[in-house]
Amino acid sequence: MGIELNYSKLGKRIKEQRLRKHLTQEKLGETVQVATSNISHIERATTQVSLPTLVKIANALEVSLDQLVCDSINPIAEIYIEQDITNMLQGCTLREKQILKDIMVAAKKTLKENRT
């Protein structure tokens, strides 16, 4: 059985990490020695990134490969989704966290009610 990478989610995670590091596509491209347009194509999932380039990107962004491809690795995906939620809460006030919790509770209830 082959592994299918979710290139769309991979590109999104690369972009998120690049923005966290305050890097432009141009600067990331220079660091990993690929054209800026190639970084754009990778982030928009219009091209399939090679493993060597992906390793260079992970190193440049100071993240692990599993952080970038976690959406394609089922057991790991849940861990990183929970980390993403935790990261989103950083910088929120207590009131904002309560509102987000209430939204999650309501969404979870709706999901349970609409399961088929």
Subject >> Heavy-atom side-chain proximity of Val32 to Ile39 below 4.5 angstrom >> reply: yes

Original post:
Tell me, do Arg13 and Asp84 make a side-chain contact under 4.5 Å, heavy atoms counted?
Top reply: yes

Original post:
What are the two closest non-hydrogen atoms of Lys9 and Asn6, and how far apart are they?
Top reply: N-OD1, 3.0 Å

Original post:
Considering all heavy atoms of both residues, which atom of Cys70 and which atom of Gln67 are nearest to each other, and what is their separation?
Top reply: SG-O, 3.7 Å

In Å and rounded to the nearest 0.5 Å, what is the [atom1] to [atom2] distance from [X] to [Y]?
X      : Y     : atom1 : atom2 : result
Leu19  : Leu28 : CG    : CG    : 10.5 Å
Thr46  : Asn38 : OG1   : CG    : 8.5 Å
Lys15  : Ser40 : NZ    : OG    : 8.5 Å
Thr31  : Glu26 : OG1   : CD    : 10.5 Å
Glu43  : Leu10 : CD    : CG    : 10.0 Å
Met104 : Ile99 : CE    : CD1   : 14.5 Å

**OP:** Tell me yes or no: between the side chains of Asn87 and Gln83, is some donor less than 3.5 Å from an acceptor?
**Re:** no

**OP:** Please list, chain by chain and in numerical order, all residues satisfying salt bridge (charged side-chain N to carboxylate O under 4.0 Å, His left out) with Glu82, sequence neighbours excluded.
**Re:** none

Using atom types as modelled, flag every donor-acceptor pair under 3.5 Å from a side chain in residues 53-61 to any protein atom, sequence neighbours excluded.
{"residue": "Thr53", "atom": "OG1", "partner": "Ser50", "partner atom": "OG", "Å": "3.0"}
{"residue": "Asn59", "atom": "ND2", "partner": "Val55", "partner atom": "O", "Å": "3.4"}

Subject >> Flag if over 12 foreign heavy atoms under 6.0 Å of NZ, Lys101 >> reply: no

Subject >> same_hphob_cluster(Val34, Leu65) at 4.5 Å side-chain heavy-atom cutoff >> reply: yes

Subject >> same_hphob_cluster(Leu51, Val49) at 4.5 Å side-chain heavy-atom cutoff >> reply: yes

Original post:
Considering the options Lys21, Arg18, Arg20, which one meets the salt bridge (charged side-chain N to carboxylate O under 4.0 Å, His left out) requirement together with Glu62?
Top reply: Lys21

Original post:
Under the side chain to side chain contact (heavy atoms under 4.5 Å, CB included) criterion, do Lys27 and Glu30 qualify, and how do the steps go?
Top reply: CA-CA 5 Å; Lys27 183 62 179 166; Glu30 288 173 10; 3.9 Å; yes

